[in-house]
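Every chain is numbered from 1 and lettered A, B, ... according to where its sequence line falls, protein lines coming before strand lines. What you are looking at is a predicted structure, and each value in this text was computed from that prediction instead of being measured.
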Amino acid sequence: MPVSLDDLAKRDFLRAIVARDVSTGRYGGRVVTRFPPEPNGYLHLGHAKAIVVDFGIARDFGGICYLRMDDTNPTTESMEFAENIAADVRWLGFDYGDRLTFASDVFEAMYRLAERLIEKGLAYVDECSEDEIRQLRGTVTEPGRPGPWRDRPAAESLERFRQMRAGAFPNGAMVLRGRIDLSATNMLLRDPILYRIKHAHHFRTGDDWCIYPMYDYAHCLEDALEGVTHSICTLEFDNNRALYDWVIQATEVVPPELAPQQYEMARLEVEYIVTSKRRLKQLVDEGHVRGWDDPRMPTLAGLRRRGIPPQALVAFIERVGIAKTNSRVEYSLLEHAIRDHLNLRARRLMGVADPLRVVVENWGADEVDELGPVPWLAEDPSLGGRSLRFGKELFIAREDFELSPPPGFKRLVPGGEVRLLHGYAIRHLGHELDGQGRVRLLRVEVDRSTRGGDTGRRMGSIQWVEAQGAVPATLRLYDQLLLSPTPMADPSGRDFLDLINPDSLVEQAGLLEPAAASLPVGQAFQVMRTGYFAADPDSRPGALVLNRTIPLKDGFVRKEEAPPVDPVAVVGEDERRKRKKRPAAELRAEARSADPRLAAAQDELLAAGLDPAEADVLSGDHEQLALLRAIAAACGDLPGSARFLTNELRGRDVQPAALMDKAPSLGALLTLRGAGTLTGPGASRVLDVLLAEGGQPAEIAQRLGLSSLSDGALRAEVQAVLDRHPDELSRLRQGEQKLRGFFMGQVMKATRGRAEPQLAQAVLDELLNP
RNA sequence: UGGGCCGUGGUGUAACUGGCAACACGUUGGGUUCUGGCCCCAAAGAGUCUAGGUUCGAUCCCUAGCGGCCCAGCCA
């Protein structure tokens, strides 16, 4: 059964918007999104969120999503990048079908629209230098100034633009600019550059073009031309939205009702992870990692090589959610998603890192025991199993034997006993040390009655491999590449390169059970009690290389364990200059000092006994003041009107000027309320209707049936509410006082504005405490 | 010294039209166990950035303040 629009709308604010548009028939009910990477690098975890959101929303609403390469800057882009990106998207599990497109597909259309813009006088060719343009643009606090080319004739601009396209000028000689507003507070609207000259070879269009569109001009047109309806990007593009809308409207590329709409969401940031193309490139170029697909890299290629299943990434992203708050997710949530996915499906096998030789004293030198079959995954027998080989010489993990065990240690200790998983219980008889005092060999005896690991009593369990059939493997154990949860802004002030973990990759020799050699490649598996692993492409026959995707959670807490992270000194507190917004209060004060009539009004309101805050707000401009006077005139209650205006009307997002003709009705409403004819909530309902449709308050009240409830009727309603919620009632009687509000709410809802709150409260109290 | 966006447990996201501040991760304790994993049970942890206001009732509406992020590329 498909999920309803309502359910979809509850998932996040973007789906709420799309659901609303679908249900109101906007765009004819179509939903078209796009994931628009620039093919100049590798996709990373941050992109994964965009993919999940863009493709996910299209899928949920039965729409489509384009994979569109935003290839508007030929100097940095390549087909190789584009192909890798497409492969990464597919790997994540999203099917773009035949909807792989390129911005360069529509270069011609964009060019023609630019000519139209020039003809309409909305764009011009500016021959200022880059520096001059910067100078003339002004700053965030000073407006820009027009340059000498801004008002040149359209025909001249058009001719120049055509010459630009024809290759008549060198790079940087001139640009095409939109003519918008040089004094706009939004810097992007100060005559943005639309086209620049770039004599460069483009990986798709070759040398067809020597002018290329800028992002702000190109992106919205690509969207519009593809029929995109909802164009989702990250928060920092918020300022660009005005320009996005301007270009679409100015070029008339599509009729207004088909204009795509841009929405912004927070980008995904995760502790210990940097997602910045520049920084990642730096890590690769300077040799801090072994390449873009190094398993320590947050690139999709790296995560894939590490063995992280794409479904886990998707689950992680869905768990994080979508909002507009800049945030940083804990690394543990990512880890949880990975373990959660792998736990249900990864085959278990046995292997030991840093092997320690074990000789079974009471076992024949040539005696071999085939154990099993042991299921690959106890929870899923359909996966089948394999047999294990037991012999005189074994290996266990060095960490599973302790000469001086910490309290609570459940593995092998001198004289102690432990279970070899699916094998036998063994007892420590003795051990040999090497020159450095390190254990080099263990002597044990088996308890033959415990074959198959069935010991009949509880004891610690460890994994093991039999020496003859053991498969050697190189284990690559990974840890955080960067040591700070906020590598780009570490409190210590250190640069992220100084935060690189020297132990982010540790290689260990390991031994695996024989069946490991025949495991399908690319198969994620768990080495029991150790972690999840996946074979690395570096593997050769007979020389297995395994990446540890993630260790298992370790519930064992050693008592002597100290906090591992050194507390980094907090230095260099940013001497941050504080920028204050121009307060609205200041503007009102200014208005009053410039206009004596407003000042007089404020005095008048104060004299009438208004709250000073209200008097201030209401005397800031004439429109509001006029409305106040009109309402007060209609009902004869100035303070009441003031309160009503500040608290009811301002909350409903209406313009004072638009309300002037309704002032008499509003006054009448206040009168009804004052006389007790209408209850507070009833008045509120009338107000809603009044604002939406107009009309006379008394008539509306009558139509809505808002006559006040009689005492008896109210009592009956309250009793009915109590009867309807026996569970809550008993909880309340047991002392959950907050349920008073719940019952009050139910009563108010049931009476739909016909009950006076104080009265209802009194009745409720009475019935609750007889 | 302009404009825009955003402030809810340690973290991330919810909370219908103003009506029991919820879910997940994490943490702690316990249980179970042939993986110190998984699973099960329980607990602690925010009164919603602050201060006022409206209201029977405010995370939600109003006012003021505080804090964070983005914008002055011929990058996207």
Side-chain angles (χ1 to χ4, degrees), chain A residues 10 12 36 38 40 70 72-73 76 130 133-134 137-144 171-172 175 184-188 190 193 195-198 214-216 219 235-242 264 266 271 319-330 332-333 335-337 339 343-344 348 378-379 408 410-411 419 421-422 452-455 458-463 526 528-530 552-557 577-585 611 613-614 616-617 643 646-648 650-652 680 728 731 736 738-746 748-749 756-758 760-761 764:
Chain A
K10 279 182 195 153
D12 53 74
E38 184 188 10
N40 71 344
D70 211 359
T72 57
N73 186 356
T76 60
E130 196 172 340
I133 289 177
R134 196 180 2 262
R137 183 153 36 214
T139 68
V140 289
T141 54
E142 303 157 24
N171 288 353
V175 292
T185 52
N186 182 345
M187 297 295 292
L188 288 162
R190 319 248 260 229
I193 293 168
Y195 270 90
R196 78 286 213 191
I197 300 172
K198 253 183 203 285
M214 297 285 291
Y215 168 85
D216 283 307
H219 201 93
L235 252 25
E236 70 270 22
F237 286 95
D238 185 358
N239 293 313
N240 300 59
R241 191 177 56 242
E264 308 87 27
E271 286 181 349
R319 178 54 73 187
V320 168
I322 306 173
K324 297 191 74 166
T325 316
N326 285 313
S327 60
R328 180 165 287 261
V329 182
E330 284 185 346
S332 60
L333 188 61
E335 291 188 307
H336 173 260
R339 293 195 182 108
N343 177 49
L344 266 36
R348 268 57 165 175
E379 291 81 0
K410 315 202 305 201
R411 290 109 96 176
R419 166 172 36 227
L421 279 159
H422 310 298
D454 192 3
T455 60
R458 287 175 54 183
M459 62 175 72
S461 306
I462 64 174
Q463 62 277 46
Q526 183 195 113
M528 294 187 84
R529 299 186 50 244
T530 306
L552 252 38
K553 238 161 85 175
D554 186 4
F556 181 47
V557 281
R577 67 194 151 123
K578 303 227 162 112
R579 288 185 312 201
K580 285 184 184 165
K581 205 192 294 188
R582 193 83 188 286
D611 182 278
E614 281 175 354
D616 172 26
V617 169
R643 180 151 299 174
T646 37
N647 288 302
E648 292 291 331
R650 285 171 72 93
R652 286 175 209 248
E728 284 83 357
R731 273 164 62 202
E736 273 192 66
K738 62 186 176 185
L739 286 173
R740 282 177 179 280
F742 165 75
F743 277 111
M744 186 62 188
Q746 292 301 315
M748 295 314 293
K749 199 167 285 182
E756 191 58 43
Q758 282 98 334
Q761 187 75 66
L764 185 61

Touch class at under 4.0 angstrom, heavy-atom based, for A:Asp616 against every strand present: nothing
Check: A:Arg190 side chain, A:Arg137 main-chain N or O, donor-acceptor pair, under 3.5 Å: yes
P-based separation of B:C69 from B:G57 [nearest Å]: 38 Å
A:Asp238 side-chain proximity, nearest of B:G4, B:C74, B:C6: B:G4
Syn/anti state for B:G73 [syn: chi within 90° of 0]: syn
Nearest atoms (heavy-atom pairs only) where A:Phe742 meets A:Glu728: CE2-CG, 3.5 Å
Residue-phosphate contact under 4.0 Å: A:Lys749 side-chain N/O, B:C16 OP1/OP2: no
Nearest-neighbour nucleotide for the A:Lys738 side chain, B:G7, B:C71, B:C20 considered: B:C20
Whole-Å gap separating P (B:C20) and CZ (A:Arg731): 11 Å
A:Gln463 (side chain) and B:U35 (base): donor-acceptor pair under 3.5 Å: no
Distance in angstrom units between A:Arg740 CZ and B:G19 C1', rounded: 15 Å
Sugar-phosphate, base or nothing in reach of A:Ile322, heavy atoms under 4.0 Å: sugar-phosphate
Heavy-atom pair with the smallest gap, counting every atom of A:Met744 and A:Ala760: CE-CB, 4.0 Å
A:Glu271 vs A:Ser332, side-chain hydrogen bond (donor to acceptor under 3.5 Å, both in side chains): CA-CA, chis, key distance, verdict: CA-CA 9 Å; A:Glu271 286 181 349; A:Ser332 60; over 6 Å; no
Nearest non-hydrogen partners of A:Lys324 and A:Leu235, listed with the distance: O-CD2, 3.3 Å
Donor/acceptor link under 3.5 angstrom from A:Arg348 side chain onto base of B:U35: yes
Short side-chain donor-acceptor distance under 3.5 Å, A:Thr325 and A:Ser327: no
Reported CG-to-CD distance for the pair A:Asn171 and A:Glu130, which is rounded to 0.5 angstrom: 11.0 Å
Proximity to the side chain of A:Glu38 - top-ranked nucleotide from B:C56, B:C75, B:G12: B:C75
Distance-only side-chain donor-acceptor flag, A:Thr72 / A:Glu38, under 3.5 Å: no
A:Arg190 CZ to B:G73 P, straight-line distance once rounded to whole Å: 11 Å
Sugar-phosphate, base or nothing in reach of A:Gly745, heavy atoms under 4.0 Å: base
Closest nucleotide among B:C6, B:G3, B:C75 to the A:Thr185 side chain: B:G3
5' precedence on RNA chain B between A:Thr455 and A:Ile193 (nearest-nucleotide basis): A:Thr455
Syn/anti state for B:G47 [syn: chi within 90° of 0]: syn
Duplex segments of RNA chain B, taken as runs of at least three Watson-Crick or G-U pairs that stay under 3.5 Å: B:2-7 with B:66-71, B:10-13 with B:22-25, B:27-31 with B:39-43, B:49-53 with B:61-65
Atom pair distance, as rounded to whole Å: CD in A:Glu236 and C1' in B:A72: 17 Å
Interatomic distance where CG belongs to A:Leu235 and C1' belongs to B:C70 [whole Å]: 8 Å
Backbone N/O of A:Thr139 and side chain of A:Thr141: donor-acceptor pair under 3.5 Å: no
Whole angstrom value for the distance that separates P of B:U11 from CD of A:Glu335: 18 Å
Under 3.5 Å donor-acceptor pair, A:Glu728 side-chain atoms to B:C20 base atoms: yes
Sugar-phosphate only, base, or nothing, as touched by A:Asp454 at under 4.0 Å among non-hydrogen atoms: base
Flag for A:Asn186-A:Asn239: side-chain donor and acceptor within less than 3.5 Å: no
Polar side-chain contact A:Asn186-B:C71 base: donor and acceptor under 3.5 Å: no
Residue mapping more 5' on RNA chain B - nearest nucleotide basis, A:Glu130 or A:Asp554: A:Asp554
Polar side-chain contact A:Asn239-B:G3 base: donor and acceptor under 3.5 Å: yes
Pairs under 3.5 Å (N/O, protein and nucleotides 43-51 of chain B):
none

Minimum-distance nucleotide (side-chain atoms of A:Met187 versus B:U13, B:A72, B:C6): B:A72
Sugar-phosphate, base or nothing in reach of A:Gly408, heavy atoms under 4.0 Å: base
Touch class at under 4.0 angstrom, heavy-atom based, for A:Tyr195 against every strand present: nothing
Between C1' of B:G10 and CZ of A:Arg328, the distance in whole Å: 16 Å
Between C1' of B:G2 and CG of A:Leu188, the distance in whole Å: 14 Å
Phosphate-side-chain proximity, A:Ser327 and B:U13, N/O vs OP1/OP2 below 4.0 Å: yes
A:Thr72 vs B:A76: side-chain N/O to OP1/OP2 distance below 4.0 Å: yes
Sugar-phosphate, base or nothing in reach of A:Lys198, heavy atoms under 4.0 Å: sugar-phosphate
Touch class at under 4.0 angstrom, heavy-atom based, for A:Val175 against every strand present: base
Side-chain N,O (A:Arg137) to OP1/OP2 (B:C74) below 4.0 Å: yes
Closest heavy-atom pair and its distance - A:Asp216, A:Leu188: OD2-CD2, 3.9 Å
Point-to-point distance, once rounded to the nearest 0.5 Å, from CZ of A:Arg419 to CG of A:Asp454: 8.0 Å
Nucleotide nearest A:Asn343 when distance is taken to its side chain, options B:C38, B:U35, B:U63: B:C38
A:Val320 vs A:Leu333 side-chain heavy atoms within contact, under 4.5 Å: yes
Point-to-point distance, once rounded to the nearest 0.5 Å, from CZ of A:Arg339 to NE2 of A:His336: 9.0 Å
Between B:A44 and B:C23 - P atom distance, rounded Å: 13 Å
Integer angstrom distance from the C1' of B:U8 to that of B:G67: 15 Å
Sugar-phosphate, base or nothing in reach of A:Met748, heavy atoms under 4.0 Å: base
Closest nucleotide among B:U35, B:G12, B:U63 to the A:Leu552 side chain: B:U35
Shortest non-hydrogen separation from A:Arg411 to A:Phe556 and the atoms involved: NH1-CD2, 4.2 Å
Non-hydrogen atoms of A:Tyr195 and A:Met214 that approach each other most closely: N-CG, 4.3 Å
Just the table, please: protein N/O against nucleotides 25-33 of chain B N/O, every pair under 3.5 Å.
unit_1 : atom_1 : unit_2   : atom_2 : d
B:C25  : O2'    : A:Ser332 : OG     : 3.4

